[in-house]
Amino acid sequence: MSQPTQPIRASVLAVAAAAALAAGCGPEQAQHTPTAQVAAGDAAFAESFRARLLDAKAGEVIEVPAGRYTFDRSLTLRVDGVTIRGAGPDKSVLSFKGQKAGAEGLLVNASNFTLENIAIEDSKGDGLKVNEAENITIRNVRVEWTGGPSTKNGAYGLYPVKTRNVLIENSVSIGASDAGIYVGQSRDVIVRNSRAEFNVAGIEIENTINADVYDNVATNNTGGILVFNMPALSQQGGAIRVFKNKVFKNNTANFGAKGTPVASVPAGSGVVVNSNDDVEIFDNDISDNATTNIIVSSVYSTGYKDDKAAKDFDPYPERISIYGNRLKGGGDSPDGLDLKALKTAIYGLSGHFPDVLWDGYANAALKTGPQICIRDVSGVVNADGPGGYKSPSQDTKPYACDLPKLPAIDLKRG
Amino acid sequence: MRLITMRHAAILLLALLAACAKPAADETGPAARAPAGIAADSPWQPVHFFAEGQPDDLADWNVLRIAGGRLQLNSGVLPYDLNTPLFSDYAHKLRTVWMPKGQAAAYDPQQEFDFPVGTVFSKTFYYPRGEGDSVLRSADDGPDLRGGGLDLRKVRLVETRLLLRRKDGWFALPYVWNAQQTRARLMRGGELVSLELVDAGGKRESADYQVPDQNQCAGCHATDMKTKALHPLGPRARHLNRNFAYGDGLANQIARWTQAGYLHGAPPPQSAPRDANWRDANAPLEARARAYLDINCGHCHNPKGPGNTSGLWLDAATQEPLRLGRCKLPIAAGKGTGDLRHDVVPGKPDESILTFRMLSDDPSVMMPELGRSVVHEEGVKLIRDWIAAQQGQCG
């Protein structure tokens, strides 16, 4: 499986092995906070809740009183214009512990949907999935797998996919075995004031066009904030701004299932941009991510290169702007033997990677070059992926450029 | 043993009594309708199409009834079967169609027929009985309607789903049978039914058979995520084009639907498309596997369906190898990848995510997401063979 020309990919295997060894041993995992204690709710309400989802009318608000409600099957909503509102994310809990059927906790295929002040716990698969809808608000919602990080946990916490006009705010996702807050194949998205902890990927924006990710906290994940493009999907993403976030100590061993894109993310990644164009990363506090604080890479480094799949796909990150961040620490203990070797080769045993690591894959046919513009960092390593990682470069001159600022996202929520 | 014998005797006695009570039947006569849910052998009225509302009792529709120890079909209710059916925990299925007098569906070679308002499909999920409360894990060779319906001594009824063509579109209602098999009540919220499946070798397997809730019906039947409209999946030309053992003998279903006045515009069956029967060892492997993937996966995994987020399309129309999973990377599959890299690796079923997800019964891993709780071993074997026969390798 391992190919010498793809060290970061090869590191996936090492990561998995390390994860198996390290599971439960990491100091961060000991800090995992137990879930809120909530009294068992009325069992009759749980059953009536399912019926209310079936019978909901546009404009209806379905209140979920304080209590823990247990479901052994998924819940689904298909009516537009519905709000589901709890008494608070530590008071109203939809628990799927012991779930026997269904691939999500709550599955929504409906527009003008709001979920707020509520928690979804321990779903077998994804916590909340919203598939193909418009005008989605997720506010003050907690999704959590209460047993701490585990490959057995569901994949995604909050998971809008193929959606348009999405606001996720004041929400929390803990323990997802893929991504805590994951927005895929969507358009016009804001993720703000939220927290992602102990997930493989904290916040992931994938194949999504126009997203602002700000004022969030991503810590104790394997990777903090990921901006990804994957091939063979409905659209290629771009125009993403990541700013004013706190992204620190994302050093939890990768517990993602191998084969998933995030399984290739080395533990200790702060912000990762992968095969995306037009990404702006500024005004963030990024620190103590042990592989490195910021990674810019192509799909080639994640091991997802496939000639056929890549036919209509631009694998290279282009027009990436990194400036004005407050960066500290990190890079001292990269995950995976290849990155460790790379670090040691350049910086010695006790040295550390600088703030930014770029795998070096660029489209040679592009006259303007990749336009990766980086300021205010301790340094950049071009890992020379295309050259088999033989001649890494620390020259920062290629990044001395500026790009026009991307516009803010306006969801017109008034 | 003795208990079982006594119970069988009691059932037989009931059946005999029921038979004795049967009046001179005039099945379409204007006699007063029996109270809902009473398993009377009284005459029954024609099928009642409710243009709105959600009747609580399946009997209210007059499509099916329990009488004479059998689950009987009203006159004009036509049973049918599919070349390759969807797998649902080894349940057998009795499918029926009914249309209002003078109404017919318009034939289409590819898409669903244009069914008239008032069309009622029913699908009854049942199992052949095993010893005690167990049921048999066996292949569905089509409903045995000899004697005028399903023999309740031989089968355990689980649920009957109705799919109705109302003015504003298709509408689904799930009815669950009681343990006595006397009535089926609307269970809009669905249910889990615990079953013990016993295979021919005596191997036992428990199953949490899931009756879908009304929203989950759409999980399969809403083949277009944008319109969210429900559609019948089975009754299409390629699935229907086969023989069925009617009361008066074997006949092609498309011909019979036409003859019954339920279908117009259909060509002779030999000119209509025809999916392979996935169990037909004489049919090409490719055709059998594609038929299986089409009916089991294609309703979600198509360019417009809920599974389109994955980029994997398994419907009959898709031809591009990458879209059919060949060397395709997983997307948002989570642990559904099984630590594997591609959906289909030519020649290597054990390295293919498709096989892995079919082999799982973990709700967060398995495919399909709904409609099964046990592994379809024979289906997995077919898909394994299909992948094993593919040539080449991934990039």
Side-chain angles (χ1 to χ4, degrees), chain A residues 1 16 47 50-51 53-55 72-78 99-104 107 109-110 123-126 131-133 151-156 159 161-162 176-179 182 184-185 206-207 230-234 256-261 263 303-311, chain B residues 54 188-192 208-219 222 224-226 228 303-312 320-323 326-342 353 356 362-373 394-395:
Chain A
M1 296 240 336
E47 207 38 50
R50 187 183 295 279
L53 294 178
L54 289 173
D55 294 333
D72 60 2
R73 289 172 288 139
S74 301
L75 297 165
T76 53
L77 174 72
R78 300 180 54 80
Q99 184 177 5
K100 290 178 179 163
E104 303 85 9
L107 173 64
N109 175 210
S123 55
K124 267 279 186 187
D126 309 320
N131 195 349
E132 201 134 359
T151 306
K152 289 189 172 141
N153 293 350
Y156 302 97
Y159 177 18
V161 60
K162 299 194 92 165
S177 67
D178 202 306
Y182 174 100
Q185 302 177 61
E206 186 168 279
N207 292 74
M230 296 297 295
L233 290 184
S234 60
K258 276 179 286 178
T260 60
Y304 283 83
K305 175 185 180 297
D306 183 273
D307 293 333
K308 293 176 213 70
K311 198 169 55 184
Chain B
Q54 309 190 25
R188 300 175 57 223
E191 198 173 39
L192 286 176
D208 285 315
Y209 176 99
Q210 188 188 10
V211 178
D213 75 28
Q214 231 169 349
N215 275 341
Q216 287 170 328
C217 294
D224 183 331
M225 289 291 284
K226 285 254 190 276
K228 293 197 265 182
K304 293 176 176 176
N308 73 353
T309 53
S310 66
L312 176 70
E320 189 188 342
L322 175 67
R323 287 288 167 214
R326 185 185 167 91
C327 301
K328 199 192 87 58
L329 309 164
I331 297 297
K335 63 192 162 197
T337 62
D339 293 353
L340 302 168
R341 300 181 48 79
H342 296 103
I353 294 171
F356 172 76
D362 175 344
S364 64
V365 168
M366 70 180 191
M367 282 289 159
E369 292 180 343
L370 287 173
R372 75 170 177 87
S373 65
C394 295

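These numbers come from the heavy atoms of this one structure, side chains and all, not from hydrogens, waters or symmetry mates.
Using a 4.5 Å cut-off between heavy atoms, B:T309 contacts chain A through both its backbone and its side chain. Using a 4.5 Å cut-off between heavy atoms, A:D126 makes no contact with chain B at all. Both the backbone and the side chain of A:R78 come within contact range of chain B, with heavy atoms under 4.5 Å apart. Interface residue A:L77: only backbone heavy atoms are found under 4.5 Å from chain B. Contact of A:A179 with chain B is not made at all, since no heavy-atom distance falls under 4.5 Å. Only the side chain of B:R323 has a heavy atom closer than 4.5 Å to any heavy atom of chain A. Both the backbone and the side chain of A:K100 come within contact range of chain B, judged by heavy atoms closer than 4.5 Å.
Proximity of a side-chain donor or acceptor of A:N109 to a complementary backbone N or O of A:N131 within less than 3.5 Å is detected. With hydrogens and angles ignored, the 3.5 Å screen pairs a side-chain donor or acceptor of B:K328 with a backbone N or O of B:S310. Between the side chain of B:K335 and the backbone N or O of A:K152, at least one donor-acceptor pair lies under 3.5 Å. The closest donor-acceptor contact from the side chain of A:T151 to the backbone of A:A257 lies at 3.5 Å or more, if one exists at all.
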Go through B:S373 and B:M366 one step at a time and tell me if the side-chain contact (heavy atoms from CB on, under 4.5 Å) criterion holds.
-> CA-CA 9 Å; B:S373 65; B:M366 70 180 191; 5.6 Å; no
Could you please spell out the steps behind the side-chain contact (heavy atoms from CB on, under 4.5 Å) verdict for A:E104 and A:S123?
-> CA-CA 6 Å; A:E104 303 85 9; A:S123 55; over 6 Å; no
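In terms of heavy-atom pairs under 4.5 angstrom with chain B, the leader among A:A103, A:A155, A:G125 is A:A103. Note on B:L370, B:D208, B:N215: by heavy-atom pairs under 4.5 Å with chain A, the leading option is B:N215. Of the listed residues (A:A133, A:A176, A:S177, A:G102), the greatest number of heavy-atom pairs within a distance under 4.5 Å of chain B belongs to A:G102. Among A:N153, A:N207, A:L53, A:L107, the residue making the largest number of heavy-atom pairs under 4.5 Å with chain B is A:N153. With respect to chain A, the highest number of heavy-atom pairs below 4.5 Å among B:Q216, B:K228, B:R372, B:Q214 belongs to B:K228.
Side-chain contact check for B:Q210 and A:R73: no donor-acceptor pair (N or O, by modelled atom type) lies under 3.5 Å.
Using a 30° and 60° split on the angle between ring planes, A:Y182 and A:Y159 fall in the perpendicular class, above 60°.
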